[in-house]
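As structure tokens, the structure follows; a few thoughts come after it.
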Protein chains: 2
Amino acid sequence: MNEQRISTPGIARRNEAGRGALAARTRGAVHVIGAGLLGASVGLGLRGRGVEVTLEDLSPTTVALAADYGAGRVRAADDPAPALVVVATPPDVVADVIERALATYPDAVVTDVASVKLAPFAELTRRGVDLTNYVGSHPMAGRERGGAIMARADLFKARPWIVCRDEETPADALSLVEAVALDLGGVLMEMTPEEHDRSVGLVSHLPQVVSSLLAARLVPAAEQAIGLAGAGLRDTTRIAESDPELWVQILGANREPVVEMLDAFGADLAAFADALRDPEHAGAKRRIADLLAAGNRGVARIPGKHGSSERFAKINVLVDDRPGELARLLTELGELGINMEDLRLEHSPGAQIGFAEIAVLPEVAERAVSDLVERGWRTL
Amino acid sequence: MNEQRISTPGIARRNEAGRGALAARTRGAVHVIGAGLLGASVGLGLRGRGVEVTLEDLSPTTVALAADYGAGRVRAADDPAPALVVVATPPDVVADVIERALATYPDAVVTDVASVKLAPFAELTRRGVDLTNYVGSHPMAGRERGGAIMARADLFKARPWIVCRDEETPADALSLVEAVALDLGGVLMEMTPEEHDRSVGLVSHLPQVVSSLLAARLVPAAEQAIGLAGAGLRDTTRIAESDPELWVQILGANREPVVEMLDAFGADLAAFADALRDPEHAGAKRRIADLLAAGNRGVARIPGKHGSSERFAKINVLVDDRPGELARLLTELGELGINMEDLRLEHSPGAQIGFAEIAVLPEVAERAVSDLVERGWRTL
């Protein structure tokens, strides 16, 4: 493994290049091991592009659900060998499964979608596994809840998809994995495993720990305090719903960068608390203001701050808290020919009304609002 | 000031009681001092209910903008004295403005909407100001951006509105302030100033600091790392966009509870980092998992959080991806007399089925599932 960053002069061009040749390239056979959220989303997306997908999972229930869901068919013993294997198992077994896939399908390219890249690579290297046919990758996509039933064909759309390779990776293997990423709508990026792990440590693992620990402070809180929670608390703690078992694995596999970042964050926190504790101390207020302003600058660096949901316009409709009211709203939307792309229901404690946030295509938003108002609905 | 919690047997009834008598009660005159987001929203909402609103702000530009926006008219020197004054200035001047309002309009009830309650109350008491006509309050509402132009008449709708009073507060003054809160759609809560400040410290001030410091870690980060940012980072850092100047004031005014919470959070963070640093140490993995699981429990306590409130039972119903299916499900729920408390819809464009996660009162969950299954719905 070359520890340096691989220069990638062609990546922009490859991101630009046409998509869709995957079905031919894979000769119709991609095998997905691990039929959870990511595996089922890969299967769903590839099938939508005419690729034949077979599925495998330790759990018969999981694989059957994913197949019912449309993510592929359960792999049979006499199926021909796949051209590509996508390993989408939990991180703690990913090295084992990659090793087994390389041995079982010696002519296939094997990739994985695990969220930590250095540890499995180092483990496979330590075991002396021939990694010629392996190209590690990581689509930056996920949801708070896992499972095939949460899968989406468009889960990877416009999301970064990191591919890790070294100088010995055959061009064919690399381009096959890149074709999958591109066909699923991902944006290709190339990084070394070290760069990858440090980057996701910052943008994913540190926020996860911070969010979880913030939410943990709510456990002993008084009921009346929790009752005051607003959007700020909800947003900052949303990812604290994540699966602890999965995150023990992820954080354990990326502990060096994460510990370093937790220490740096902890030092900022202590400095902030000290300045607030003794606000008359020289420069204390200035330090508080500086740290808050640094937060402004940091958040401003995040690209696409408002997210991929920007594809849709949001309509907020007030809905009386009575059985049948939301059904009536959705029925009327259907009558108006408005296709609902997504729906969120907001409901405050004690309120007699809630509101439905309905995502629609931007070009129909204005008409939807005026038609709904005309029918007596109140919009925000 | 009575430091104990005031018992409020009548609050539920008052929240239930009819609204709208405010215009008569105020004899048509509410004066709002400070014409920013909150002041202009109060004005806009009250005018919509037939109340005459006058406005005042240190900045002629601000007050003119708010008046143009429809929040009220600029107060003239010969206007009759108001029945109620709402102080909606920045926190650092709120005590001064309350003192001045009480002196200028000795027959008026004075309230404020500042987000910290103990510090101004203590300051006014220290100055010997007669607080008989003062009732502090705090609507838990806001937006990331301030200013009259962001004002909304429904800003307070279904949001908690805390009223702080003591045993000497005249019933008339209290009920006038409560009438404003109710007429603007707020949900009344009563707390002592101490309870209030500790509660908002937890659900608002601590998350603000944590979010700002997390975002501040992005300032020195590599561009390629930031490029990987996803919804998790965006959500956890959204409130880091807040105005540093305002937050220096808020945090300074509530520093004792906030420092205490920052210290407790910092201790959790250090314990987490230590466990991750030395994962082979006895119990380290267990400690990591426990803290992450505590995060799950904490976020589950937040009311109105999609799919997480423990007050409700969850039913997962598979919905075929055909137009009208969800409306049919909700219609049938209505027919069954099942009130839906929350709804989360999951569907993927390529998938053959989606599912609706429906929150209902625990006592009806079992019947809801069996009735739905009887009608041919599939549940998870």
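So that the names make sense, note that chain A is the first sequence line, chain B the second, and so on, each numbered from 1.
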Checklist entry - Who among A:Gly230, A:Ala264, A:Gly334 has the most heavy-atom pairs with chain B under 4.5 Å? => result A:Ala264
Checklist entry - Does A:Pro279 offer a backbone N or O that forms a donor-acceptor pair with the side chain of B:Arg255 under 3.5 Å? => result no
Next on the checklist: Show the nearest heavy-atom pair for residues A:Phe272 and B:Leu251, with the distance to one decimal.
Outcome noted: CZ-CD1, 3.7 Å
Next on the checklist: So which residue, B:Ala153, B:Pro207, B:Ala359, ends up with the most heavy-atom pairs under 4.5 Å with chain A?
Outcome noted: B:Pro207
Item to check | Rounded distance (nearest 0.5 Å) linking atom CG of A:Asp274 with atom CG of B:Leu262 | outcome: 10.0 Å
Checklist entry - Taking atom CG of A:Leu269 and atom CG of B:Leu269, what is their separation to the nearest 0.5 Å? => result 6.5 Å
Checklist entry - In terms of heavy-atom proximity below 4.5 Å to chain B, should A:Leu333 be classed as side chain, backbone, both, or neither? => result neither
Next on the checklist: Working note: B:Gln224 + A:Met191, criterion side-chain contact (heavy atoms from CB on, under 4.5 Å); need CA distance, chi angles, decisive distance, verdict.
Outcome noted: CA-CA 9 Å; B:Gln224 67 172 0; A:Met191 292 186 185; 3.8 Å; yes
Next on the checklist: Is B:Glu223 close to chain A through its backbone or its side chain, or both, or neither, when contacts mean heavy atoms under 4.5 Å?
Outcome noted: both
Checklist outcome for this item: Heavy-atom closest pair (B:Leu292 atom, A:Ser212 atom, distance to 0.1 Å) is CD2-OG, 3.5 Å
Checklist entry - Does the side chain of B:Pro303 reach to within under 4.5 Å of the side chain of A:Ile226, using non-hydrogen atoms? => result yes
Next on the checklist: Could you measure the distance from the OG1 atom of B:Thr236 to the CG atom of A:Leu214? Nearest 0.5 Å is fine.
Outcome noted: 10.0 Å
Checklist entry - If you tally heavy-atom pairs under 4.5 Å against chain B, which of A:Leu329, A:Asp290, A:Asp268, A:Val200 wins? => result A:Asp268
Checklist entry - Which heavy atom in A:Val299 sits nearest to a heavy atom in B:Ala215, and how many Å separate them? => result N-CB, 4.0 Å
Checklist entry - What do you reckon, is CD of A:Glu332 surrounded by more than 12 foreign heavy atoms closer than 6.0 Å? => result yes
Item to check | Proximity breakdown for A:Ala273 and chain B, heavy-atom pairs closer than 4.5 Å | outcome: both
Next on the checklist: Can a donor-acceptor pair be found, under 3.5 Å and without considering hydrogens, that links the side chain of A:Arg301 to the backbone of B:Leu218?
Outcome noted: yes
Next on the checklist: Is B:Ala221 close to chain A through its backbone or its side chain, or both, or neither, when contacts mean heavy atoms under 4.5 Å?
Outcome noted: both
Checklist entry - What residue, out of A:Ala229, A:Pro160, A:Ser204, has the most heavy-atom pairs lying under 4.5 Å from chain B? => result A:Ala229
Checklist entry - What residue, out of A:Arg217, A:Met261, A:Arg297, A:Arg328, has the most heavy-atom pairs lying under 4.5 Å from chain B? => result A:Arg217
Next on the checklist: Below 4.5 Å, heavy-atom pairs only: which of A:Leu330, A:Leu206, A:Val219 has the largest tally toward chain B?
Outcome noted: A:Val219
Item to check | A:Ala40 versus chain B, the contacting section by heavy-atom distance below 4.5 Å | outcome: neither
Checklist entry - Run the side-chain contact (heavy atoms from CB on, under 4.5 Å) check on B:Leu318 and A:Tyr69 step by step: do they pass? => result CA-CA 10 Å; B:Leu318 295 179; A:Tyr69 194 66; over 6 Å; no
Item to check | Which of B:Ser211, B:Gly201, B:Ala293, B:Ala294 touches chain A most, by non-hydrogen pairs under 4.5 Å | outcome: B:Ala294
Checklist entry - Can you tell me how far the CG atom of A:Asn296 sits from the OG atom of B:Ser242, to the nearest 0.5 Å? => result 7.5 Å
Next on the checklist: If I measure from the heavy atoms of chain A, does B:Ile338 come under 4.5 Å with its side chain, its backbone, both, or neither?
Outcome noted: backbone
Item to check | Between CD1 on residue A:Ile302 and CG on residue B:Leu233, distance to nearest 0.5 Å | outcome: 4.0 Å
Checklist outcome for this item: One option among B:Asn316, B:Val248, B:Leu336 has the most heavy-atom pairs under 4.5 Å with chain A, and it is B:Val248
Next on the checklist: So for A:Thr331, is it side chain, backbone, both, or neither that comes closer than 4.5 Å to the heavy atoms of chain B?
Outcome noted: both
Item to check | Atom CD of A:Glu245: over 12 foreign heavy atoms under 6.0 Å | outcome: no
Item to check | Under 4.5 Å from any heavy atom of chain B - which part of A:Pro244 | outcome: both
Next on the checklist: Is A:Asp263 in contact with chain B via its backbone, its side chain, both, or neither, using a 4.5 Å heavy-atom distance?
Outcome noted: side chain
Next on the checklist: With a 4.5 angstrom heavy-atom cut-off, is it the side chain or the backbone of B:Thr237 that approaches chain A, or both, or neither?
Outcome noted: both
Checklist entry - Using a cut-off of under 4.5 Å for heavy-atom pairs, which of A:Ile288, A:Val210, A:Leu276 has the most such pairs with chain B? => result A:Leu276
Checklist entry - Non-hydrogen atoms of chain A under 4.5 Å away: do they reach the side chain of B:Arg152, the backbone, both or neither? => result side chain
Checklist outcome for this item: Nearest heavy-atom approach of B:Ala225 to A:Leu202 is CB-CD2, 4.4 Å
Checklist outcome for this item: Between the NZ atom in A:Lys285 and the CD atom in B:Gln249, the distance rounded to the nearest 0.5 Å is 9.5 Å
Checklist entry - What's the shortest heavy-atom distance between A:Leu228 and B:Ser199, and which atoms? => result CD1-CB, 3.6 Å
